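What you see is a predicted model, and the numbers here were worked out from it, not measured in a lab.
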Amino acid sequence: MKKFIEEFKAFALRGNMMDMAVGVIIGSAFSGIVTSLTDNFINPILNLVTGAATYNLQDVAGFASNFVSALVNFLIMAFVLFCLLKAVNKLASIGKKPEAPAAPTTKKCPYCLSDIPIEATRCPHCTSQLLDEEKTA
């Protein structure tokens with residue numbers, strides 16, 4: 001049972017799985033903004049242009065208020081997701097050892113200061129012969 005829980009944890013906390021979950025949640029929250037934009041701005045403008053409806057100042061204020069409310073809801077959802085993912089990433093990093101830095105693969109040519117492979121005996125840029133003590137430096 002313990003192995004099953006560890007496998008599930010590894011599956012659920014994989015980077016691409018978390019990205020997909022965030023994408024779905026943000027997408028659904030963004031659909032609220034699009035719906036609000038359509039219901040509160042585009043449809044009333046079309047109704048006004050076609051003569052299907054007339055609006056007073058209170059109606060327009062209500063439309064703007066509804067859209068701002070949807071926008072604030074989206075921002076709150078995005079902030080909560082950000083905080084949640086920050087906490088999950090911090091918990092996932094607990095107990096992990098930092099990776100050792102990789103061995104260098106290049107060095108500087110002492111003559112022309114260009115980057116060359118560490119095993120090189122001659123600089124490909126200035127064609128200078130590199131001495132044995134320079135290889136170890």
Heavy-atom side-chain proximity of [X] to [Y] below 4.5 angstrom:
X      : Y      : answer
Phe67  : Asp39  : no
Tyr55  : Pro44  : yes
Cys126 : Ser114 : no

Atom pair [atom1]/[atom2] of [X] and [Y] - distance to nearest 0.5 Å:
X      : Y      : atom1 : atom2 : result
Leu84  : Phe79  : CG    : CZ    : 11.5 Å
Phe74  : Ser69  : CZ    : OG    : 14.0 Å
Ile45  : Asn40  : CD1   : CG    : 11.0 Å
Lys86  : Leu81  : NZ    : CG    : 14.5 Å
Gln58  : Ser65  : CD    : OG    : 12.5 Å
Tyr111 : Thr127 : OH    : OG1   : 11.0 Å

Practice task
Return yes when atom CD of Glu7 has more than 12 non-hydrogen atoms of other residues, nucleotides or ligands closer than 6.0 Å, and no otherwise.
Solution key: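 Yes, the 6.0 Å shell around CD holds more than 12 heavy atoms from other groups.
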
Handout entry: CG/Leu57: more than 12 non-hydrogen atoms of other groups inside 6.0 Å
Key =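 Count not over threshold, so no.
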
Practice task
Could you tell me whether Lys108 and Asp115 make a salt bridge, using a distance below 4.0 angstrom between a side-chain N and a carboxylate O?
Solution key: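 Yes, this pair counts.
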
Identify the two heavy atoms, one from [X] and one from [Y], that lie closest to each other, and give their separation to 0.1 Å.
X      : Y      : answer
Thr50  : Asn47  : OG1-O, 3.4 Å
Lys107 : Ala120 : NZ-O, 3.7 Å
Ala29  : Met77  : CB-CG, 4.0 Å

Linking I/L/V/M/F/W/Y whenever their side-chain heavy atoms sit closer than 4.5 Å, directly or via other members, would [X] and [Y] fall into one cluster?
X     : Y     : answer
Val22 : Val88 : yes
Phe41 : Val68 : no
Ile26 : Val34 : yes
Ile25 : Leu85 : yes

Practice task
Look at the side chain of Ser36 and the backbone N and O of Gly32, then say whether any donor-acceptor pair between them is shorter than 3.5 Å.
Solution key: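 Pair absent, no side-chain N/O of Ser36 close to backbone of Gly32.
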
